[in-house]
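First the structure, in the form of structure tokens, and then the observations on it.
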Amino acid sequence: MSWPSVIILVPVERRPSLEGRIRSLELVPDPVTGDEKLHHHGYSYYIDLSGGILADYEPEEVEQMRTRIGEPYAVYVSCQSMDAARAFLRDVLPGVDGLVDTNHYDTLPASAFLTLVDRHPAWDWRRQPSAELQ
């Protein structure tokens with residue numbers, strides 16, 4: 001299976017805060033992809049801070065985001081493994097007022113997502129929607 005990925009969505013006015021939080025982890029440019037790389041806690045990540053991932057959404061999906069958080073800014077994060085994804089999100093998401101799109105089944109408030117990750121440490125959101133967790 002491919003590297004797990006998530007999209008972190010925040011109101012556009014919170015972009016500097018989220019971007020600063022992620023950049024503080026010491027990103028480095030990847031000359032091949034144009035994205036940025038991160039090596040953190042022994043894991044590898046590719047991160048796109050451009051916000052361009054929003055172009056991959058259908059207009060009605062973007063409208064749903066606007067209804068929930070206002071005008072969205074999005075960060076795409078590709079993680080080496082599910083453990084890597086959990087480690088990154090546990091470091092970055094606390095206190096973030098936004099959404100996490102699992103890129104599969106769910107788009108959840110960041111705090112609710114973190115709660116699920118803590119309650120279900122083996123949860124693979126690529127294979128199981130949050131609604132199926134008990």
Side-chain angles (χ1 to χ4, degrees):
M1 186 165 252
S2 65
W3 282 27
S5 61
V6 295
I7 298 104
I8 303 170
L9 301 140
V10 296
V12 72
E13 62 271 10
R14 297 217 171 104
R15 176 181 182 163
S17 173
L18 178 61
E19 194 171 319
R21 188 181 288 212
I22 294 170
R23 285 193 182 285
S24 74
L25 301 175
E26 300 181 22
L27 300 178
V28 295
D30 183 337
V32 175
T33 65
D35 293 335
E36 297 188 70
K37 295 189 299 187
L38 171 66
H39 297 286
H40 188 63
H41 294 305
Y43 299 115
S44 295
Y45 305 88
Y46 285 94
I47 300 174
D48 179 359
L49 294 168
S50 73
I53 190 70
L54 285 172
D56 289 355
Y57 286 90
E58 296 296 326
E60 58 272 6
E61 292 174 309
V62 175
E63 192 52 42
Q64 289 172 1
M65 289 174 208
R66 284 187 185 112
T67 300
R68 293 174 76 180
I69 64 169
E71 192 61 36
Y73 163 68
V75 173
Y76 175 82
V77 184
S78 179
C79 309
Q80 174 183 342
S81 65
M82 290 302 295
D83 287 341
R86 288 183 199 94
F88 178 84
L89 294 168
R90 281 185 177 122
D91 283 351
V92 171
L93 287 182
V96 169
D97 184 18
L99 305 170
V100 175
D101 179 348
T102 64
N103 219 9
H104 288 277
Y105 299 102
D106 297 305
T107 301
L108 302 167
S111 60
F113 180 86
L114 282 176
T115 298
L116 288 172
V117 168
D118 287 341
R119 285 187 185 155
H120 307 278
W123 177 37
D124 184 343
W125 52 82
R126 299 169 301 172
R127 297 185 171 148
Q128 183 180 28
S130 64
E132 292 180 4
L133 297 173
Q134 299 186 20

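Residues H40 and L25 approach most closely at CE1-CD2, 3.6 Å, considering heavy atoms. Across all non-hydrogen atoms, the minimal contact from R15 to L49 is NH2-O, 3.2 Å. Annotation for V75 and L18: closest pair CG2-CD2, 3.8 Å, computed over non-hydrogen atoms. Nearest approach of S44 to Q80, heavy atoms of both residues: N-OE1, 2.8 Å. In terms of heavy-atom proximity, V96 sits nearest to V92 at CG2-O, 3.3 Å.
Remark: of the listed residues Q128, R127, R126, R126 is the sole one forming a side chain to side chain contact (heavy atoms under 4.5 Å, CB included) with H104.
Within the structure, no pair that satisfies the salt bridge (Lys or Arg N to Asp or Glu O under 4.0 Å) test touches residues 99-111, not counting sequence neighbours. For the ring pair (Phe, Tyr, Trp, His ring centres under 6.0 Å) condition, the pairs that include at least one residue of residues 44-85, sequence neighbours left out, are W3-Y46, Y45-F88.
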**OP:** Could you check L89 against I8 for side chain to side chain contact (heavy atoms under 4.5 Å, CB included), going step by step and ending with a plain yes or no?
**Re:** CA-CA 9 Å; L89 294 168; I8 303 170; 4.0 Å; yes

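For the pair D118 and R90, the salt-bridge criterion is met [side-chain N within less than 4.0 Å of a carboxylate O].
Judged by distance alone, the side chains of D48 and S50 do bring a donor and an acceptor atom under 3.5 Å apart.
Partners of A74 according to the side chain to side chain contact (heavy atoms under 4.5 Å, CB included) rule, which considers only residues two or more places apart in sequence or in another chain, are I7, L9, I53, L54.
Residues C79 and Y43 fail the side-chain proximity criterion, which asks for heavy atoms closer than 4.5 Å.
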